[in-house]
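What follows is a short report on a single structure.
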Amino acid sequence: MKPCAHVSELPRPEPEPKDPTCPQCRAAGTDPVQLRLCLSCGYVACCESSPDQHAAEHFEATGHPVMRSFEPGETWRWCYLDQRLT
């Protein structure tokens, strides 16, 4: 699959994760369903299957387009702008 144009704009190397889990879920006392890593800044957030959807909220607040799975063994990426896997 050809990467979207936003992948080439990402920092290299990939940013270090700022947290081992979703800080917003931790603060609320909830458990994230799955975690995502923002490839622009390293923010860790819960996915759209989690009740508060903090990854999508992070995209809406920052415009950072690409997140990747932060789950062990998974490397796929999602571009919010193009609405597709990259």
Go through the structure and list residues passing side-chain hydrogen bond (donor to acceptor under 3.5 Å, both in side chains) with Glu9, not counting sequence neighbours. none
If you round to the nearest 0.5 Å, how far is NE2 of His54 from CG of Leu35? 11.5 Å
Glu57: salt bridge (charged side-chain N to carboxylate O under 4.0 Å, His left out) partners, not counting sequence neighbours: none
Who pairs with Glu60 by side-chain hydrogen bond (donor to acceptor under 3.5 Å, both in side chains), at least two apart in sequence or on another chain? none
For the student: nearest non-hydrogen atoms of Ala56 and Tyr80, plus distance: N-OH, 3.5 Å
Partners meeting side chain to side chain contact (heavy atoms under 4.5 Å, CB included) with Pro51 (sequence neighbours left out): none
Check whether any side-chain heavy atom of Gln24 lies under 4.5 Å from a side-chain heavy atom of Cys46, and answer yes or no. no
Can you see which heavy atom on Pro15 is nearest to which on Cys38, and at what distance? CG-O, 3.8 Å
In terms of heavy-atom contacts, Pro17 and Val44 come closest through CB-CG2, 4.0 Å
Determine whether Leu37 and Met67 satisfy the following criterion, side-chain contact (heavy atoms from CB on, under 4.5 Å), listing intermediate values before the conclusion. CA-CA 5 Å; Leu37 175 69; Met67 290 217 173; over 6 Å; no
Over all atoms of both residues, closest heavy-atom pair of Pro11 and Ser40: CG-O, 3.7 Å
Considering non-hydrogen atoms only, spot the tightest contact between Leu81 and Pro65 and give its length. CD1-CB, 3.6 Å
For Asp82, check side chain to side chain contact (heavy atoms under 4.5 Å, CB included) against everything at least two apart and list the hits. Cys4, His6, Cys79, Arg84
What residue pairs, at least two apart or across chains, pass ring pair (Phe, Tyr, Trp, His ring centres under 6.0 Å) with a residue in residues 17-37? none
Run the side-chain contact (heavy atoms from CB on, under 4.5 Å) check on Leu10 and Arg12 step by step: do they pass? CA-CA 7 Å; Leu10 295 172; Arg12 303 277 195 267; 3.5 Å; yes
With a 4.5 Å cut-off on side-chain heavy-atom distances among I, L, V, M, F, W and Y, is there a chain of contacts connecting Phe70 to Tyr43? no
Does Glu14 reach the main-chain N or O of Leu39 with its side chain, forming a donor-acceptor pair under 3.5 Å? no
Holding to salt bridge (charged side-chain N to carboxylate O under 4.0 Å, His left out), I want the full list of residues that pass it with Asp19, two or more places apart in sequence or in another chain. Arg26
In Å and rounded to the nearest 0.5 Å, what is the CH2 to OG distance from Trp78 to Ser69? 13.5 Å
For Glu16, check side chain to side chain contact (heavy atoms under 4.5 Å, CB included) against everything at least two apart and list the hits. none
Strictly distance-based, threshold 3.5 Å: is any side-chain N or O of Glu74 a donor or acceptor partner for the main-chain N or O of Glu71? no
Hits for side-chain hydrogen bond (donor to acceptor under 3.5 Å, both in side chains) against Thr21, two or more places apart or cross-chain, chain-then-number order -> none
For His58, which residues count as a side-chain hydrogen bond (donor to acceptor under 3.5 Å, both in side chains) partner, sequence neighbours excluded? His64
Can you name the side chain to side chain contact (heavy atoms under 4.5 Å, CB included) partners of Ser49, sequence neighbours left out? Val33, Cys47
Return each pair, listed once, that meets ring pair (Phe, Tyr, Trp, His ring centres under 6.0 Å) where at least one residue sits in residues 17-37; pairs must be two or more places apart or across chains. none
